[in-house]
Protein chains: 2
Amino acid sequence: MTRRHHVDETDLRILKRLQLDARLSNVRLAEDVHLSPSACLERVKTLEKDGLIRRYLADFDLPKICSFVMLMVEVILENHREADFDRFLAAIRKREEVLECLKIGGRIDYLMRVICRDIDHYNELSDFMSRGDLGVEKFHGHVVLATDKAFEGYPLDLLIEPRGQP
Amino acid sequence: MTRRHHVDETDLRILKRLQLDARLSNVRLAEDVHLSPSACLERVKTLEKDGLIRRYLADFDLPKICSFVMLMVEVILENHREADFDRFLAAIRKREEVLECLKIGGRIDYLMRVICRDIDHYNELSDFMSRGDLGVEKFHGHVVLATDKAFEGYPLDLLIEPRGQP
DNA sequence: AATAAACGCCGATGATTATTCGGTAAACGG
DNA sequence: CCGTTTACCGAATAATCATCGGCGTTTATT
């Protein structure tokens, strides 16, 4: 099982705060979670070392930086042996256009988020997907027309708070 | 159009670097992009002010923090008038379980990433989706079994580099 | 119950960093 | 050609980081 690290109330406050602003200075973070800077820093480092905090990343408004086309691509493989999944994933991991790849339960196998410069670029990726050695039976790309709600962090309160009745 | 800010080579280096590690100190960032700390800081602040950098967020290994169920939910609305979209979006924006909502081209209208504590919790959200006043014709949730490739930043080089032939 | 070990915290410290402030040089525009 | 803008640098100060020893509480052990 995962979860060797027990997340207490203070850890949770730290996580929630860093999820809102990862560049917060340790001093202000410490204030917000009611700890001394040294104690706070120690906790953050532990959270990082134990891998609960994986990394800190900058969130871009990509349309302001460059033009692109984003797609959600459903993938169905020809066969479902372990080797078939591995082969597909190994290939997909090398393509930077594939931002993420989710294994899905249901009639499709994978759902991928893909980003390309333009339709020509996607067409090229599309050809790649069709190559026989990938084991893809069929795939279907949905163009993302708009992001009507963007990811802004996990609702930790909602996920954790109601933990059993004492 | 968006893009009033012209992103030059140096800006691009800054963005790429911050995308890898948002908590990088300004001094080290300046070294990496071959600028003085003051010049570098000024550029970063401009990038933030112009909104190219939206925010800095901590990336969690959520399974190490709590248990949950993630789903991708396809949504089809009954009608496609502007008011129908607005009504639906207003409702789902209030639900913290909906991490993001993408407007999709094709036979479905929206694709939502949803996170719940457990199946009971999703069942409850499911009931919410079925309420008549949301205008949802039908929806279909796919459980996310695994994240085989996780988002780790945009491939800026791939998106920007080949900009026209001089 | 007593002791020991471990834990988490605090506050003080020197080292590091952030941020501001002139000042300079190149690019731009009339 | 000259004033304006832009982007940069380097130095100085204010703020922060990050380490350390020490303290009190909890936990485990005997």
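A note on names: the letters A, B, ... follow the listed sequences, proteins ahead of strands, and every chain is numbered from 1. Side chains included, hydrogens not; waters and symmetry mates left out as well; all remaining heavy atoms used.
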Considering only residues two or more places apart or on different chains, which pairs with a residue in residues 87-107 of chain A satisfy ring pair (Phe, Tyr, Trp, His ring centres under 6.0 Å)? A/F88-A/Y110

Do B/D11 and B/H6 meet the criterion of a side-chain donor-acceptor pair at a distance under 3.5 Å? no

Cationic N near anionic O, under 4.0 Å, A/E31 to A/R17: no

Each residue besides A/L41 in its hydrophobic cluster should be listed here, by chain and number; the cluster joins Ile, Leu, Val, Met, Phe, Trp and Tyr at side-chain heavy-atom distances under 4.5 Å. none

Taking 4.0 angstrom as the limit, do B/D21 and B/R23 come out as a salt bridge? no

With heavy atoms of chain B within less than 4.0 Å as the criterion, where does contact along DNA chain C begin and end? C/dT17 to C/dT20

Salt bridge flag under 4.0 Å for residues A/K149 and B/E100: no

Taking five pairs at each end of the helix from C/dA1-D/dT30 to C/dG30-D/dC1, what angle separates the two helix axes (nearest 10°)? 40°

Would you call B/D61 and A/R55 a salt bridge, taking side-chain N to carboxylate O under 4.0 Å as the test? no

In plain terms, say whether A/D157 and A/K16 are close enough for a salt bridge, that is, a side-chain N and a carboxylate O under 4.0 Å apart. yes

The contact string for nucleotides 17-25 of chain D, one letter per nucleotide 5' to 3', using protein heavy atoms under 4.0 Å with B, S and - for base, sugar-phosphate only and none, comes out as SBB------

Integer-rounded Å distance: D/dT6 C1' and B/E42 CD: 9 Å

If I take atom CG in residue B/L35 and atom P in nucleotide D/dT6, what distance separates them, rounded to the nearest angstrom? 18 Å

Contacts of type side-chain contact (heavy atoms from CB on, under 4.5 Å), residue A/S130, not counting sequence neighbours: A/F139

With A/V98, which of A/R113, A/M129, A/M112 fulfils side chain to side chain contact (heavy atoms under 4.5 Å, CB included)? A/M112

